[in-house]
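These values consider heavy atoms only, across backbone and side chains, with no hydrogens, waters or symmetry-generated copies. For clarity, every value in this text was computed on a predicted model and none was experimentally measured. First the proteins, then the strands, lettered A, B, ... as listed; each starts at 1.
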Number of protein chains: 4
Amino acid sequence: MTPSPERRRELLGVAAEVFAAQGYNATTVRKIADAAGMLAGSLYYHFDSKESMLDEILATFLDELWAGYDAVLAAGLGPRETIEALVTESFREIDRHHAAVAIYQKESRHLSVQPRFTYLADSQRKFEKAWLGTLERGVADGVFRADLDIRLTYRFVRDTVWVAASWYRPGGLHSPEEIARQYLSMVLDGIALGERTP
Amino acid sequence: MTPSPERRRELLGVAAEVFAAQGYNATTVRKIADAAGMLAGSLYYHFDSKESMLDEILATFLDELWAGYDAVLAAGLGPRETIEALVTESFREIDRHHAAVAIYQKESRHLSVQPRFTYLADSQRKFEKAWLGTLERGVADGVFRADLDIRLTYRFVRDTVWVAASWYRPGGLHSPEEIARQYLSMVLDGIALGERTP
Amino acid sequence: MTPSPERRRELLGVAAEVFAAQGYNATTVRKIADAAGMLAGSLYYHFDSKESMLDEILATFLDELWAGYDAVLAAGLGPRETIEALVTESFREIDRHHAAVAIYQKESRHLSVQPRFTYLADSQRKFEKAWLGTLERGVADGVFRADLDIRLTYRFVRDTVWVAASWYRPGGLHSPEEIARQYLSMVLDGIALGERTP
Amino acid sequence: MTPSPERRRELLGVAAEVFAAQGYNATTVRKIADAAGMLAGSLYYHFDSKESMLDEILATFLDELWAGYDAVLAAGLGPRETIEALVTESFREIDRHHAAVAIYQKESRHLSVQPRFTYLADSQRKFEKAWLGTLERGVADGVFRADLDIRLTYRFVRDTVWVAASWYRPGGLHSPEEIARQYLSMVLDGIALGERTP
DNA sequence: TATGAATGAGTGTTCATTCAT
DNA sequence: TATGAATGAACACTCATTCAT
């Protein structure tokens with residue numbers, strides 16, 4: 001009568017992988033069941049609906065993401081160090097939850113309008129506040145350039161980091177930390193050599 | 001046999017908008033028809049299938065994109081100038097075809113394995129060759145940094161530009177050229193102020 | 001405003017051919033229009049509906065068939081000669097209206113229950129009366145065998161003749177009259193050689 | 001993966017009945033489901049498609065038919081006895097599979113061109129070889145008439161037997177064996193009384 | 001816990017038919 | 001007379017979900 005939480009977690013892992021690979025809409029409950037070695041109807045012993053699986057996958061991911069982010073933001077670092085820590089933390093999350101991140105990337109926009117998924121929009125707002133605030137603080141402190149549209153900069157950094165989930169595969173050539181290092185180097189210093197264009 | 005091309009183009013515009021907003025799979029033919037002010041079945045007077053609409057949208061976009069890219073690549077510019085021109089051209093395409101670009105972004109990965117859409121994979125290979133080649137030339141010429149993983153750099157620049165389609169709306173605050181200018185400035189010189197980290 | 005009867009006849013010929021080749025249900029109005037070199041909607045200038053084309057094809061055929069049959073039946077021939085004349089006349093109709101006959105063969109059973117096509121059932125009853133009556137007369141006169149179930153004999157002769165429409169092609173090896181001659185020879189005398197089995 | 005074979009057989013029986021009565025094309029999946037007391041979609045738990053139902057019905061019938069025919073052909077009977085045995089076997093098959101036979105009759109011509117149903121054409125060729133060969137042997141042995149076009153004779157016997165499926169209903173007045181006896185008597189000896197026409 | 005069999009709403013698509021031009 | 005464009009009902013099929021076992 002009460003399904004074991006471990007089995008749930010296992011099944012959610014399977015579901016996340018399939019959602020990420022095929023897209024939520026294109027994923028049938030049967031495909032998930034196949035991948036889990038059971039019949040479609042059997043999943044309903046563990047979960048209320050396909051949507052509730054998606055819900056749980058995203059919510060779990062966001063919980064962990066914010067645990068990491070909140071720790072960084074509470075550490076009282078300078079703006080540049082905060083950005084560096086957030087980017088590194090982000091790549092670590094992509095490494096740990098790459099399926100969930102891929103799903104989030106593809107589906108969050110149209111999900112966030114549904115009542116069940118308002119927490120996605122909430123998270124996004126909180127996210128924007130943290131990053132945009134840090135960037136603004138950096139501009140004020142003179143560590144980030146002041147000649148750029150700050151919202152454009154925000155989107156640039158945000159997208160740059162998270163789209164990486166679309167090609168990132170855990171266990172690849174570079175560790176999340178190494179990728180973070182190189183990305184930060186590009187974002188902060190640019191890819192051009194020599195004098196900066198004035 | 002080939003009903004009025006203008007009407008087709010109109011309807012494809014409507015379809016692209018809906019595909020971009022809701023995702024291809026989540027878009028029903030009835031939604032497209034609703035948006036076009038007609039009945040679902042009526043679309044089949046103009047198109048063979050939902051898939052053929054998608055096909056035509058993507059193929060038209062890629063044709064125009066490559067017309068622009070090929071012109072840039074044939075101009076004999078230096079690596080930095082080539083990158084600048086390609087990025088600018090890309091933002092122009094995002095401006096002109098923002099729906100098609102958004103669709104491409106979301107769907108190309110799983111579409112490119114279907115026989116009908118092999119041209120997506122072809123385009124992607126050609127794309128990678130052009131960008132990666134230019135970056136390599138730039139490293140050899142000493143205009144781009146040599147201390148970065150070149151494929152990581154490629155992905156960074158590529159994604160950075162094209163994800164912009166997810167938030168870009170034509171007629172917004174900045175022109176495509178202005179966005180390109182700021183993006184190039186960030187990508188080439190970084191967002192940090194002061195001495196570059198050695 | 002009043003479509004010319006000649007064009008109608010032309011188009012009915014085309015329609016009959018397609019109905020016969022593909023079956024009525026499997027024949028789309030568009031296929032008929034294609035075969036006639038026009039667009040589907042244009043047929044509706046000449047005919048009320050797809051069904052009315054079928055109706056006119058079958059009714060025309062049955063009218064001609066009964067003109068021939070009635071002439072035979074009115075001739076006052078003996079039973080054997082009547083059967084011979086009916087069979088010969090039938091093969092001539094198959095030759096002249098092979099498409100209509102093929103359609104009749106395939107569709108009459110399920111059509112005859114529809115109010116519009118009650119004349120099919122009427123014709124069939126009249127048909128049965130003429131043939132069965134002639135056979136009974138023949139049995140009474142001692143020219144046909146009395147040891148057979150008469151209804152079975154009727155079905156045997158009837159089917160034997162009309163199924164030929166399924167393989168008969170006008171302008172083939174044998175003339176309708178020659179086929180009739182051989183069929184009558186088989187039906188009347190059997191295909192076996194030597195003494196009849198007692 | 002393979003749901004209960006008994007239920008499948010039940011449902012195929014229902015489907016065959018409806019196909020036979022209304023024609024394959026005119027039969028909607030809904031009608032079959034109605035006749036089976038379930039909803040249209042539920043059929044797809046048991047079968048891949050409407051076409052696969054048809055396929056299984058026809059293939060099962062032909063398998064059984066050829067089991068019977070092959071036994072007859074392997075028995076080493078004389079030509080006349082072979083024909084008698086084949087006709088009797090045919091009426092038994094019509095009795096056992098009257099729906100499948102009716103479907104075969106109506107649909108095989110246009111189905112046999114589809115790749116999925118090539119076995120229909122194969123069967124037809126094998127069928128023709130067996131019957132035509134036996135008839136030719138009979139003519140050579142002097143037990144069948146030599147003055148008839150042999151292909152015409154073949155078509156005559158073949159059609160004569162199989163069209164019976166269009167009116168035959170199991171449990172009727174005559175057993176299949178009795179019908180076979182009378183049909184054979186007509187086919188072999190003719191329906192006329194007295195001296196044969198020279 | 002999982003299965004087998006079903007439901008019912010919805011999906012892409014077809015097609016006879018209509019009608020202004 | 002014929003076309004081009006549309007309608008609307010129906011169709012084969014899919015799929016999330018249910019439930020007795």
(message) Using the rule given for side-chain contact (heavy atoms from CB on, under 4.5 Å), can you reason through C/Glu51 versus C/Phe117, listing the C-alpha separation, both sets of side-chain angles and the distance that settles it, and then say yes or no?
(response) CA-CA 10 Å; C/Glu51 200 183 65; C/Phe117 291 96; 3.8 Å; yes
(request) Look at the side-chain N and O atoms of C/Tyr45 and state whether any lies under 4.0 Å from the OP1 or OP2 oxygen of F/dT1. (result) no
(request) Would you mind reading off the distance between A/Leu39 atom CG and E/dT3 atom P, rounded to a whole angstrom? (result) 4 Å
(message) From CZ of A/Phe47 over to C1' of E/dT1, roughly how many Å is that when rounded to an integer?
(response) 13 Å
(message) Expected output is a numbered-order residue list: members of residues 10-22 of chain B with a heavy atom under 4.0 Å from any atom of DNA chain F. What is it?
(response) none
(request) Would you write the dot-bracket representation of DNA chain F, where each base gets (, ), [, ], | or . depending on whether it forms a Watson-Crick or G-U pair under 3.5 Å and with which partner? (result) .||||||||||||||||||||
(request) Determine yes or no for a side-chain-to-main-chain donor-acceptor pair under 3.5 angstrom, with C/Arg109 supplying the side chain and D/Ser166 the backbone. (result) yes
(request) Could you grab the distance from atom OH of B/Tyr24 to atom CD1 of B/Ile103, nearest 0.5 Å is fine? (result) 10.5 Å
(request) Starting at atom CE of C/Met53, determine the distance to atom C1' of E/dC15, rounded to an integer number of angstrom. (result) 13 Å
(request) Answer with yes or no whether the side chains of D/Tyr119 and D/Asp55 bring together a donor and an acceptor at under 3.5 Å. (result) yes
(message) Just N and O in the side chain of D/Arg7: are any of them under 4.0 Å from OP1 or OP2 of E/dG4?
(response) no
(request) Using a strict 4.0 Å threshold on nitrogen-to-oxygen distance, state whether C/Arg96 and C/Glu93 make a salt bridge. (result) yes
(request) Nearest 0.5 Å please: distance from the OG atom of A/Ser42 over to the CG atom of A/Leu11. (result) 10.0 Å
(message) Nearest heavy atom decides the nucleotide; on that basis, is D/Leu43 or C/Ala26 closer to the 5' end of DNA chain E?
(response) D/Leu43
(request) Could you run through nucleotides 16-21 of chain F and give me one letter per nucleotide, 5' to 3': B if any protein heavy atom sits under 4.0 Å from the base, S if only the sugar-phosphate is that close, - if neither? (result) SBB---
(message) With a cut-off of less than 4.0 Å, is there a side-chain N or O of D/His46 near OP1 or OP2 of E/dG4?
(response) no
(request) May I ask you to decide if B/Thr27's main-chain N or O and B/Lys50's side chain share a donor-acceptor pair within less than 3.5 Å? (result) yes
(message) Using 0.5 Å steps for rounding, measure from the CZ atom of D/Arg30 to the CE atom of D/Met38.
(response) 14.0 Å
(message) Under 4.0 Å between a side-chain nitrogen and a carboxylate oxygen: does that hold for A/Arg7 and A/Glu10?
(response) yes
(request) Kindly give the heavy-atom pair with the smallest separation between D/Tyr44 and D/Ser49, and that separation in Å. (result) CE2-CA, 3.9 Å
(message) Distance check needed: E/dG12 P versus B/Leu54 CG, whole Å only.
(response) 13 Å
(request) State, with a plain yes or no, whether a side-chain heavy atom of C/Arg116 is found less than 4.5 Å away from one of C/Ser52. (result) yes
